[in-house]
Amino acid sequence: MLELQKSYNPEGIEKKWYEYWVSKGYFKPDPDSLGDTYCIVIPPPNITGSLHMGHALNITLQDILCRWRRMSGDKVLWLPGTDHAGIATQNVVEKQLTAEGLDRYKLGRDAFLKRVWKWKAEYGGKIIHQLKRLGASCDWSRERFTLDEGLSKAVIEVFVRLYEEGLIYRDNRLINWCPRCHTALSDLEVEHEELEGKLYYIKYPIEGNELNEKNSSLRYITVATTRPETMLGDTAVAVHPDDSRYKDFIGKTVALPLTRRKIPVISDTAVDSSFGTGALKVTPAHDFNDEAMAKRQSPALEFITVIGKDGRMREDAGNRYAGLDRYDCRKLVLKDLKEQGLIEKEHGYTHAIGHCYRCKTVIEPLLTLQWYVNVKPLAKEAVRVVKEGVIRVIPKSWENTYFAWMENIRDWCISRQIWWGHRIPAWYCQSCRAVEQQSNRSTRQQFKEEITTGLKQGGVIVSREAPEKCPYCGSTELVQDEDVLDTWFSSALWPFSTLGWPDKTNDLKTFYPTSVLVTGFDIIFFWVARMIMMGLKFMGDVPFRDVYIHALVRDVKGQKMSKSKGNVVDPLTMMKRYGTDAFRFTLAAFAAQGRDIKFSEERVEGYRHFVNKLWNAARFIMMNSEFGKGVWQYAPTRDFSLLTSYLSLPSRWILSRLAATADDMNRALEEYRFNDAANSIYQFIWHEFCDWYIEMAKSELVTSENVKWCLLYTLETSLRLLHPFMPYVTEEVWQKIRDQGSRLKAQSIMVSDYPKSMPRDYQAEEEMSCIMEAVLGIRSIRGELNIPPSLELNVSIKTLSDSTDKILRENLQYVKRLAKAAEIEIGRNVRKIEGSAVSVKSSVEVYLPLKGLLNIDAEIDRLKKDRTRIEESIAFLNKRLLNEDFLQRAPEEVVEKEKTRYDELVRKRERIVDSIKKLKEVEVKE
RNA sequence: GGGCGGAUAGCUCAGUUGGGAGAGCGCAGCCCUUACAAGGCUGAGGUCACAGGUUCGAGACCUGUUCCGCCUACCA
């Protein structure tokens, strides 16, 4: 006899099977498989990362898909890897340096990079290790890193080609600058947050109007601003051309307060007359709107940069302010203006302020020279493939978000002033560069001309390999661009760079385009859109057929999990506490809920119970299957179409339900309805298989060999259905079945076949529903009258059709067993006896004639005895609760407990009295 | 400012072409019926946010309102 523990304990089991799978090479695509190829590339987690709920969900869903497709016969590749996470990783290492009293500049570029690689070697593999604990069936032999050699080659290739096509260019314009990370950021890397600020109204004196004493309002133009310190860089005041208040001032000049610099009053239709005073200060070097306006004007306005890369004021801000932090400067400027009486008023104002997505520092728009990708032509194609359905977005509603962004996409700033990343493959000739520096480029248009004409040949060399000398002037004084590329640049190439591109590898040929991308909606723009653009551009085909967008995992209250809020649920803790299977199943069951998943630990606990239920069902079946003989000998026939003639009704029924479940699951998984698939198998195993079938099978075990086969067959098939969701427990049980002389051919459940296309037996399902109704009818009467299960009942069942009558007669043993009935009278003409309890169902009516079938006198006696005992207890408690001495001396909670017990007893007494009354009425009626 | 999503049992949420209001947890009652008390059985509990409309019929479709949440944006 097989011995199994009474409850499932995942400890040890998970590790054992994971190592087994790896050692057998099951995670690698089977070269002999004739099936379709199925490929997923993992969204590479950052090497700085530690497994969080988002990863857990993401990985679980991908693993479910991969295991399902693999079992279904596909040639499956799930390609893993990690992302170098430029700014994030650099920040981590810089923090270490700070703690040691160092910084990266003191260390120097090479030493610093060495240090980061060392950090990566030490900590960068942590997250991969954690993914393995989740059971991820990735092909680890193909693991990649965004900075490894092959991927770097791909990055350079893409950069050079885009440059050669004029899609990558360099420009001097305003960008989002993080003064703390000391780098440019793309628009996407700026997080906008609504913050309470102040709107200040500053009076700018109008030149030539000093003498207009009578009308002091005409001596000033008042502008409104939230950032007074930027006024030091103002180069105009703008008003709407149709604004009658200011019409006369257009073309005049005002004297900028504090500096006395003369700036013009200009007109621009972008000015909103109804906001503030209707007059706008223009600071082209520190505001995106103003920059655009400055470039629109003819002649273009001057750019004066007053804030530096470190967030401190530059010399151009004037001696008094130079060197101050931008916020200190704001205070001083306000103080100075107030002293001069130039602040008209101020009031509270809430507006969105941009922050660095890595360090939360307020970003500063700065005029700098950066590299850009002109993404508009790429975006056009990327929109088309989604519109035409070449890429399917699931759920479809995300398409609108995607289109909205893609259709208004702006050029992508890809250079970063950090060291950790792919260095830009551009070199500058020091002697040609003189030309570049002489040219005063303040507008993009000018630069465009330069790059296409003179300057491109005058200093910039973009090349796959480091050039030895300048191709234009022959100088060997070449300096490589100091900057690295945006991390997302390499991520964008991930689906093909990981498969070997730009080389024409076998993997690339076999697995591109990949089947599906599984990811969260937070990186649709950062990553998904860019992969589509790059895939189309360089592979000539989409990077994936489907995009499945899953929800974000939040805490129970719906808040984002974050360390600072202290509401983080650690997946590793969940796995340790409840087992990986229960945890994975929970995530899958949550998966199709809206945009958010509010994670609750109780659900995990519930699914742990499910694991245990399955375990015990398996235990029962194995205990009753006489393994030694080889269980499959009980198979009634090899021809499944003949099953009906061999099997009992419940067995036919469960096989049909099993078929329905398999159908459900395959369909649900096709459509990425993970929660439906999870619920389907849960419902089947617990409520159909365990609650009904196993209970019914118990009555057949002694007499029938077929039922043993059916139990085992259903269990084994259910395990295969469940395996993608709960890989470990299913393997453990499956192997136990396999060990016991079964005819299972596969060596592991993960390489066995996924169940599908099994025949339904609708007749059996219909017939079973009659049996179930009869059982439910009896149970329900029993429940309502509080008749203990130990008491066997004699009931009458009126059948409402001839077929029902026949079915019930043939299967009476099951009804008797499940409803604990001794005698059952069945018939089309059964009459309800006066005083019977009744339960009406659609195919049967169940009567429980209380008189005669129950020994009412004995029952009443029993109840009376109970009543007496309870009354004694009540009397005792009553006395105690009225005892002053007790009330004073006993602790409060004890008193409370006694009171509660007292109340309970009183209620119980009432119920017993009721029951007695009811039973007596039956007697009287008779 | 624009867009999206949500409002269903005490709690967390399903509800896929319009016809039965559901699950898990919690709660109440009866049971340790030898696979499982991490269990079994039976129940209680809902004006499906509000107001209109389409329809024989609306939780689902349309319009409006209220309250939440999110994304996005160059009103200083």
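Protein chains get the first letters and strands the later ones, always in sequence-line order, with residue 1 at the start of each. Computed from a predicted model, the values in this text were never measured in an experiment. What you see below is based on every heavy atom in this structure, not just the backbone, and it leaves out hydrogens, waters and symmetry mates.
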J.: Is it the case that Y201(A) and H347(A) place a side-chain donor and acceptor less than 3.5 Å from each other?
T.: yes
J.: Between G15(B) and A9(B), how many Å separate the two P atoms, rounded to a whole number?
T.: 15 Å
J.: Taking the six-membered ring where the residue is Trp, are the ring centres of Y372(A) and W412(A) under 6.0 Å apart?
T.: no
J.: Decide side-chain contact (heavy atoms from CB on, under 4.5 Å) for C710(A) and Y693(A); before the verdict, give the C-alpha distance in whole Å, the side-chain angles of both, and the deciding distance to 0.1 Å.
T.: CA-CA 10 Å; C710(A) 192; Y693(A) 184 65; 3.3 Å; yes
J.: Looking across every strand, which nucleic acid part, if any, lies under 4.0 Å from R817(A) by heavy atom: base, sugar-phosphate, or nothing?
T.: nothing
J.: Specify whether F684(A) and F689(A) have parallel, tilted or perpendicular ring planes, treating 30° as the upper limit for parallel and 60° as the lower limit for perpendicular.
T.: parallel
J.: What integer number of Å spans the P atoms of U8(B) and A49(B)?
T.: 6 Å
J.: What does A404(A) touch in the nucleic acid at a heavy-atom separation under 4.0 angstrom: a base, only the sugar-phosphate, or nothing?
T.: nothing
J.: Could you please name the option among A76(B), A35(B), C41(B) that lies closest to any side-chain atom of A617(A)?
T.: A35(B)
J.: Within the structure shown, what part of the strands sits under 4.0 Å from Q683(A) by heavy-atom distance: base, sugar-phosphate, or nothing?
T.: nothing
J.: Could you tell me whether K281(A) contacts a base, only the sugar-phosphate backbone, or nothing, with contacts defined as non-hydrogen atoms closer than 4.0 Å?
T.: nothing
J.: Quick one: which of C25(B), A35(B), A73(B) gets closest to the side chain of E602(A)?
T.: C25(B)
J.: Taking the side chain of Y682(A) as heavy atoms from C-beta outward, which of U16(B), G24(B), C36(B) is closest to it?
T.: G24(B)
J.: Paired with U63(B): which nucleotide, if any, by Watson-Crick or G-U wobble criteria at under 3.5 Å for both distances?
T.: A51(B)
J.: Under 4.0 Å from OP1 or OP2 of A37(B): is there any side-chain N or O of K6(A) that close?
T.: yes
J.: Looking for any heavy atom pair under 4.0 Å, which part of the strands does W686(A) touch: base, sugar-phosphate only, or nothing?
T.: sugar-phosphate
J.: What distance, rounded to whole Å, do you find between the two P atoms, one in C41(B) and one in C56(B)?
T.: 44 Å
J.: Tell me whether K345(A) forms a cation-pi arrangement with Y200(A), defined as NZ or CZ under 6.0 Å from the six-membered ring centre and within 45 degrees of its axis.
T.: no
J.: Please state how far atom NZ in K396(A) lies from atom P in G3(B), giving the value in whole angstrom units.
T.: 20 Å
J.: Would you mind classifying the nucleic acid contact of D691(A) as base, sugar-phosphate or nothing, using non-hydrogen atoms under 4.0 angstrom?
T.: sugar-phosphate
J.: Answer yes or no: does a side-chain N or O of H609(A) lie under 4.0 Å from OP1 or OP2 of G39(B)?
T.: yes
J.: Are F585(A) and Y607(A), when compared by the centres of their aromatic rings, separated by less than 6.0 Å?
T.: yes
J.: In terms of the nearest nucleotide of RNA chain B, which residue is placed more toward the 5' end: K698(A) or L776(A)?
T.: K698(A)
J.: Between G43(B) and S780(A), is there an OP1 or OP2 to side-chain N/O distance shorter than 4.0 Å?
T.: yes
J.: Need one value for Y578(A): base, sugar-phosphate or nothing, where a base atom within 4.0 Å counts as base even if backbone is also close, heavy atoms only.
T.: nothing
J.: Among U16(B), U33(B), C36(B), which nucleotide sits nearest the side chain of E695(A)?
T.: C36(B)
J.: 5'-most contact on RNA chain B: L280(A) or G783(A), nearest heavy atom basis?
T.: G783(A)
J.: What integer number of Å spans the C1' atoms of A44(B) and G6(B)?
T.: 29 Å
J.: Can we call the ring centroids of F674(A) and Y548(A) under 6.0 Å apart?
T.: yes
J.: Just checking A224(A): base, sugar-phosphate only, or nothing, at a heavy-atom cut-off of under 4.0 Å?
T.: base
J.: What is the separation between atom CD1 on I778(A) and atom P on G40(B), rounded to the nearest whole Å?
T.: 20 Å
J.: Tell me what R619(A) touches on the nucleic acid: a base, only sugar-phosphate, or nothing, going by heavy atoms under 4.0 Å.
T.: sugar-phosphate
J.: Who is the Watson-Crick or G-U wobble partner of G26(B), with both distances under 3.5 Å?
T.: none
J.: Does NZ or CZ of R608(A) fall inside the cone over F583(A)'s six-membered ring, less than 6.0 Å from its centre and within 45° of the axis?
T.: no
J.: Nearest whole angstrom, please: distance from the C1' of G69(B) to the CG of D522(A).
T.: 16 Å
J.: When rounded to the nearest Å, what value does the distance between P atoms of C61(B) and U16(B) take?
T.: 9 Å
J.: Indicate whether OP1 or OP2 belonging to A76(B) is found under 4.0 Å from a side-chain N or O atom of Y349(A).
T.: yes
J.: Whom does C70(B) pair with, Watson-Crick or G-U wobble, provided both distances fall under 3.5 Å?
T.: G3(B)
J.: What distance, rounded to whole Å, do you find between the two C1' atoms, one in C11(B) and one in G52(B)?
T.: 32 Å
J.: For a quick check of understanding: with a heavy-atom distance under 4.0 Å over all strands, which category does F620(A) fall into, base, sugar-phosphate or nothing?
T.: base
J.: Return the nucleotide paired to C32(B): Watson-Crick means purine N1 to pyrimidine N3 with N6-O4 or O6-N4, wobble means G-U with N1-O2 and O6-N3, both under 3.5 Å.
T.: none
J.: What is the distance, to the nearest angstrom, from the CZ atom on F525(A) to the P atom on G3(B)?
T.: 15 Å
J.: Grab the CG-P distance between L818(A) and U33(B) for me, whole Å please.
T.: 16 Å
J.: Taking atom P in both C25(B) and G69(B), what distance in whole Å separates the two?
T.: 30 Å
J.: Is the charged tip of R530(A) near the ring of F525(A): under 6.0 Å from the six-membered ring centre and within 45° of its axis?
T.: no
J.: Classify the nucleic acid contact of S7(A) as base, sugar-phosphate or nothing, counting any heavy atom under 4.0 Å across all strands shown.
T.: base
J.: In whole angstroms, how far is the P atom of C31(B) from the CG atom of L793(A)?
T.: 14 Å
J.: When you get a sec, tell me which of A76(B), U12(B), A35(B) is the closest nucleotide to the side chain of R603(A)?
T.: U12(B)
J.: Considering only U12(B), A35(B), A73(B), which nucleotide approaches the side chain of A352(A) most closely?
T.: A73(B)
J.: Nearest whole Å is fine: how far is C36(B) P from Y693(A) OH?
T.: 19 Å
J.: Using whole Å, what does the distance between atom P of nucleotide A38(B) and atom CD of E605(A) come to?
T.: 10 Å
J.: In the structure shown, which nucleotide is the Watson-Crick or G-U wobble counterpart of G18(B), with both distances under 3.5 Å?
T.: none
J.: Say we look at G59(B) and U47(B): how far apart would their P atoms be, to the nearest angstrom?
T.: 14 Å
